[in-house]
Structures are given as C-alpha cells and as structure tokens.
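Remarks on the structure that follows.
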Protein chains: 4
Amino acid sequence: MSAESPSGKASARTKRADAVRNQQALLSAAAEVFVTSGVDAPIRQIAAKAGVGMGTIYRHFPTRADLVTAVYRHQIEACAEAGPSLLAGADSPLEALRQWIDLFVDFLVTKHGLADALQSDSSRFAALHTYFLDRLEPVCAQLLGAAVDAGDIRPGTQPYELMRGIGNLCIGRDSDPRYDPRRLIELLLQGLRQPPPA
Amino acid sequence: MSAESPSGKASARTKRADAVRNQQALLSAAAEVFVTSGVDAPIRQIAAKAGVGMGTIYRHFPTRADLVTAVYRHQIEACAEAGPSLLAGADSPLEALRQWIDLFVDFLVTKHGLADALQSDSSRFAALHTYFLDRLEPVCAQLLGAAVDAGDIRPGTQPYELMRGIGNLCIGRDSDPRYDPRRLIELLLQGLRQPPPA
Amino acid sequence: MSAESPSGKASARTKRADAVRNQQALLSAAAEVFVTSGVDAPIRQIAAKAGVGMGTIYRHFPTRADLVTAVYRHQIEACAEAGPSLLAGADSPLEALRQWIDLFVDFLVTKHGLADALQSDSSRFAALHTYFLDRLEPVCAQLLGAAVDAGDIRPGTQPYELMRGIGNLCIGRDSDPRYDPRRLIELLLQGLRQPPPA
Amino acid sequence: MSAESPSGKASARTKRADAVRNQQALLSAAAEVFVTSGVDAPIRQIAAKAGVGMGTIYRHFPTRADLVTAVYRHQIEACAEAGPSLLAGADSPLEALRQWIDLFVDFLVTKHGLADALQSDSSRFAALHTYFLDRLEPVCAQLLGAAVDAGDIRPGTQPYELMRGIGNLCIGRDSDPRYDPRRLIELLLQGLRQPPPA
DNA sequence: AATGAATGAGAGTTCATTCAT
DNA sequence: TATGAATGAACTCTCATTCAT
C-alpha cells in the first residue's frame, strides 16, 4: 500500500481498521452479554464488555434489533446454508430434517437469549424477526416439503409454525434440569411421521 | 335490638365488602393489562385501569407475584379440579389427557400473559411458578400415568416437561395468525402414542 | 338537648370512656414507638401498637406535635414541679441545680427521640418546643438565679442556652458506648462554678 | 438589554459542562441544600439546585454518603492538618486545643447540616462518620494529651466524647439567636481546667 | 366515634438516548 | 469517529392524610 499523503490516507485507513475491529469486539461482547443477561441487557454493559463507548454502539447499530440481528447473522447464515447440504447428504429427507432441526436447536439453546427475542412481541425485535424468517423459512420449507414428498411425514404442517414451535420449546431451557426441549421436539417429529398404513 | 355484637363488627364487615369489590376490580384490570402489556406492566397502569390508587394494589398484593398469582388462581384451580372428572368421564385415558390439555391450553392462551410469566426466570414469579406446579403437576401426572398404564401412550415423558412444553408452545400465540399452538400440541400427542405393534 | 333517649346518654358515656381508654393506649404506644423508631415513626406503627385505627390518632391528636407533646407532658410537668422542691431541700442552690439537671437528663435520655425532636428545626415540632420551654425555662431560670445569687456559679448564663445545650448533649446518646452525655454535662457544671477568689 | 429574543425556550440549558465543573457545582449545591434541608434532602432538590440531572449525581456520588463525605472532605482535611501546627505555634497546649476547637466549631456551624449528619444514627452516614473520626480523632487526641501532659487540664476526657459533645452542641445553632454553642463550649473548656491546688 | 381502605405526592433508582468534546 | 457525561422519563415503593362505612 502506497501512501503519498501519509497523514490523510493513513488516518483514514486507521479509522477504518478501528471501526472494523470495534464492530467485531462489539459483536463478541454482545453475544456474551446476551447469554448472561438476555437480549435486553443494558447498552452500558455491552459497551463495557467490548471496551468501547456507548456512542460507538449506536453508531454501528442504531437500534437494538440491528445489534441483535448482527450478532446472530453468522449463525443464521450457517444454519440456512446447512439445509441443502443436509438434504443432499442424508439417508432420507426426514433424516435431513431431523439433522437440520438439531442444528437449529443447537443454535437457539446456545445463544439462549435468542429464543426469547424471537417470540418477543415487542416491535423492537421486528427486524430480527423478519431477517430470521426470510432466511430460514424457505430452508425449512424445502426440507419439510422433501420429507412430505418422500412420504416420510404427513403433509399439512407449515414451516413457519414448525419453526415457531421449536423456537418456543427452546425458551427457558436452562431454568430447570428436568426440562429438555430436545425430548419434546423428538416427540413432535414422531408426531409428524406418516401413520403406518393400516 | 338483638345486636349483641357491637356495631364495630358490622362496620368492619361493610368495609370488607368494599375491599372485596376493589380486589375484584384489580384482578380484572390486571388480567386485562397483563394481556396487552405483559405481567411486567407498570403498577400505575394497572391501578389506572382499575380506577384505584397505586397504594391499593400494594395493600392487596404486596408483591407482584401475589398479584399475578391471584389473577390466575381461579383458572388454575378449575384446571386442577377438572383432571379427575375428565379421567372418570372420558372414553379412554388418552382422551381424558387430550381434553385436559385442551383446557390447559384454553387457559394459557386466554390469559396469555401467563405463559410468559410462567417461563420467566425472574425470581419475582417464583411464587406463581411454585403454586402453578404444585397444583397442576400432580393432576397432569395422574392423567399421564393412566394413559401409560392403559397402553395408550409410550412411557418416559415427565409431567413437568410436558407442561413446560405446552406452556412454551402457547407463548406469543397471537402475534401471527399462521401460528396455532394447538396444531403443534396435537402433533406432540401423536408423537406420544404407542407405536402400533409390528 | 334533652336526654329523652337514655341510650343517647349511655352511648355518650360509653364513648367517653372509650375515648379516654384510647387516649391512654395511644400515649403508651406512642411513647414506646418513639423510643424504638424516633418521633418520626409512621403513624401506622403507633396505631398498630395501640390497637386502634389511624383515624383515632388524628381525632385525638390532629398534628404530630400534639401527640409528641401529649406523650411527654407528664414528664415535663414532673420535671417542672421538681424544681422548687429541690431548691428547698438541697444543701445549696448549686446542688439543687445539679439534681434538677440530673432529672432533666434522665428524662431526655430515657425518651430518646425527644432530644432530637426538641432540636428539630422542623415547624412540625414547634408546639412541643414552645410548651417545653414555657414550662421549664422559668424553673431553670429560678435554679440558675439562686445559684448565682448564692455565689456558687458565675453569672451570665441564660437558662434557654443551658437547656438547649444539655438537650443537645443528650442527642444520640446510645449510638456509641463511648459517649456519655452526663460526663460532659458535669464538665459544663464545673465550668459554671465561680472561679475561686484570687 | 438584549432580551428581545424569545428566551422562553431555554435552548441553552448547558447540558454538557466539564465533569469537574459539574462536580463542583454539585458539591456547592449540596452544601447549600444540606444547610436548608438537612443531609437527607431529596436528590432531586440537589440536582435542581446544581442545574444538573439526577443521574449526574448518581454518576459522581453513587451513594448519599459519598456525596456528604465529598462535600465536607476539604474542611475535614483542613481541620485535621491544623492540629499539629497549632500545637507547635500556640503559647500552651491548652491554648492550642482551644484554637483547634474554634476551628472545629467554625467548620461545624458554617456547614451546619454536618453536625446533624454526624449524629445521625442512620447507617447511610456510616461512611462519613468513619471518615470523620478516623481523620480527626487522632488530632484531637494529640492536643488533648498534650494539654493533660502540660497539667493544663484534668485527665480522663476521651477525644471521641469531647468531639461528639462539641458536635452536638453545634446542632441547630441558628434556630434561635439566644443559643450560641461557643459560650457553652467555653464553659466545657473551663470545666476541663485543672482545679486549682487547694 | 372509630376504623382502616384508599389516595397520591414524593423519594430513590435505572438506563436508553443524546450530544459536547 | 469515538467517548462517556448528562439528561430525564419511567418505574417501584412508602406513608401522611382523608373519608366512606
């Protein structure tokens, strides 16, 4: 990189690098804080964890939904991209669906403020909600459709409803050791299976 | 006059009647507000809706949990009492379980701040949580056990987990018309059914 | 009004007796509560201790100062009346003054919210203040004057100032065992003594 | 006169001032308010007087004790530092003690909410209390000890008691012009003097 | 006359958001 | 651009005082 005007360009570059670094720090910090304090955690707390000022958060993420969305974007992407691969590689469409739901649940219970955020009716999270569904609903639809087409499961279940249901089942997962969302989700899948021919 | 009891007592009784009326107003108002603003709604809002001062709420319900518990106590009781009757009257234990879950869901989606409150990890709702479980878990256990004993459903599902799951599925029921918790719960029940002998 | 209806009279009498009894209960209760919670104790607390309603307190003692004054009136009277007797019976006017101050201090430290109330600039206690001074200042003045006249103590000290000073020294008496107002008051008295003729 | 502009809209509500300047404003305001309303004055009142928001007070002084301590710290320091100098410069230890007490009283009556705060049994002021004593008791002890050693005053008086006594005498100084704590303190000092040999 | 339920002003405290530096 | 000080609305809770019974 050549810099004829060292001060001007260098400072611009420096700032850019700073900004990127800040954004990364913020995302990591927010992810951590969301886990311990939920997605409604005080901005201060996130800023402190990231080692930046509060204003910096507002610059990068004007609304809370922007931040939450950004925090989970990578995982949402990964989850979305896994759909087709699983469908291609699994023994059966149902097996692919099961594996995808496993990923989905991993994601939700790992970042455990998320399930709460997703069901929150607060308009604050509308953007997250939208992004989440726009990206994942088609993937879920594809898997679900394939399983139906293969005759593995009965038709009639909508991807939106299934995703909401799984998401809801993941809420408050760790408040009591007696509650394990995966067991219930397994029951759901059992319920989806085509009743055997008489 | 035959009033052996001093008038002091009579007047005390009268005041009580007022207080009772106020309590009712409060319970109705709180139930309404919980629906629109959640169980964390500001005390002022509830007081305003009930047409009473804030202090009146504190008098009747010293803590928020007291209020929430009181709001839902009647329904919890009704639900608890329905269990044995349904078991006695239904065609099969599974049918009884299904009907009881219907009642349970009716309850949760009608007073829909409740599902939120129940899963809230906030210690503020510990009392409600405890009351809820103490009262309903045994009922659910009985129905579940009977269905297992009759061979209608597979064993291994705990009443606590089932209730939590159903409760979670009822969260945010009306944020989107595409989501109907009952359909998912029906799937859960399907999943619980004993796989037919080979 | 003619007392045609006996019940009218009877009830009036009954109420009077009740009122007197209530007043006594209130004074005792207030005295106790003042000791533990200060003269600013919540009205509720006093009412509860006395076993009466709050309204009853307001009926008997419209302002807090009225109650405080009433609570301490007996002791103020006793203290006031002791002055002349002590002067008549003691070995010297200084000794009488010392004994009277002892009584005064007993009074203040026994009812330990009192010293605080007396110095409180809050107008709430103006009535108490006034009553207190009206009654005791002349007594103190008499004792002080006699001691001065006898040549026991130097002239120049005003009874108001001496009483305020002693009252202040009694404040917070029991917050620390290292603090004993009597030792300081004894020093004050030493300081009042006529310096020995050269 | 330039007041033609519609100054009704206070756009120049100097929102952001230097933090240090704000602290100073806060300390001055608090000192003033403590004088008129006592050290228990509402936070809002102090904030209003300082022209800042309430949050600013919490930022600078998280607890009330922090604020009270800060308000009086400078004077406490000055008083503490004066002790040794006075002892070195005065004609006699007793004279040094007298001068130090003069300073001490100046301090208390100038910032006269302080005497109240010091005797307050509320645990809220424990920090102030502790700081006050930690800093001044040793100074008072030194002066007192020197005066005893020099034979100027009788032994047996503890610095804690003397300071509490003087502090108490300064309470409510200006509620009545007839009351002057200095006259009583002078009597105390007189009382401390060694009784002349028989 | 007595009661105590009801009222609501007022105090403490938190935190999202703005904006001077 | 980044910072974090400042603001103030919003919330909880307490208690003096009133007033219907």
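Keep in mind that the numbers below use all heavy atoms, side chains included, and drop hydrogens, waters and symmetry copies. Chain letters run A, B, ... following the sequence lines, proteins first and then strands; every chain starts at 1.
Across every strand in view, E/dC15 sits in a pair with F/dG8 that passes the Watson-Crick or G-U test at under 3.5 angstrom. Taking a pair to require two hydrogen-bonding distances under 3.5 Å in either a Watson-Crick or a G-U wobble arrangement, E/dA20 pairs with F/dT3. Across all strands shown, E/dA1 has no partner, as no Watson-Crick or G-U wobble contact with both distances under 3.5 Å is found.
Summary of the strand contacts: C/A41 and D/T56 both lie near DNA chain F, and taking for each the nucleotide with the nearest heavy atom, the more 5' one is attributed to D/T56. Mapped onto DNA chain F by nearest heavy atom, A/G53 and C/R64 fall at different nucleotides, with A/G53 at the one closer to the 5' end. Mapping A/G55 and B/Q23 onto DNA chain E by nearest heavy atom places B/Q23 closer to the 5' end of the strand.
Of the candidates F/dC13, F/dA6, F/dA9, F/dA6 carries the atom nearest the D/A19 side chain, counting heavy atoms from C-beta on. Comparing F/dT12, E/dT13, E/dA16 by their closest approach to the side chain of D/Y58 singles out E/dT13. Comparing atom distances between the B/P42 side chain and each of F/dT17, F/dC11, F/dT3 picks out F/dC11 as nearest. Closest to the C/R59 side chain, of the nucleotides E/dT13, F/dT3, E/dA1, is E/dA1. Here F/dT18 is the nucleotide among E/dA2, F/dT18, E/dG8 with the atom lying nearest to any side-chain atom of C/M54.
In this structure, the CD1 atom of C/I57 is 14 Å from the P atom of F/dT18, given to the nearest Å. The distance between atom CG of A/D40 and atom C1' of E/dT17, rounded to the nearest whole Å, is 16 Å. Atom CG of C/L26 is separated from atom P of E/dA1 by 15 Å (rounded to the nearest Å). Rounded to whole Å, atom C1' of E/dG8 lies 9 Å from atom CZ of B/R44. Going from atom CD1 of C/I46 over to atom C1' of F/dC15 covers 12 Å, rounded to whole Å. One can place CD1 of A/I43 at 11 Å from P of E/dT18, the figure rounded to the nearest angstrom. Between B/N22 atom CG and E/dG4 atom P the separation is 17 Å, expressed in whole Å. Atom CZ of B/F61 is separated from atom C1' of E/dA6 by 14 Å (rounded to the nearest Å).
Summarising the geometry, atom CD1 belonging to D/I57 is positioned 12.0 Å from atom OG1 belonging to D/T63; distances are rounded to the nearest 0.5 Å. For the atom pair NZ (C/K49) and OG (C/S37), the distance works out to 8.0 Å, reported to the nearest 0.5 Å. Here B/F34 contributes atom CZ and B/Q45 contributes atom CD; the two are 10.0 Å apart, rounded to the nearest 0.5 Å. Expressed to the nearest 0.5 Å, how far CD of D/E32 lies from CD1 of D/I46 amounts to 11.0 Å.
Close to E/dA6, at under 4.0 Å from its OP1 or OP2, lies a side-chain N or O of B/H60.
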**Q.** Worked verdict on D/T69 versus D/D66 for side chain to side chain donor-acceptor pair (under 3.5 Å)
**A.** CA-CA 5 Å; D/T69 306; D/D66 294 328; 5.7 Å; no
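No contact: B/R21 has no heavy atom under 4.0 Å from any strand.
One N or O on the side chain of D/T36 and one on the backbone of D/V33 form a donor-acceptor pair closer than 3.5 Å.
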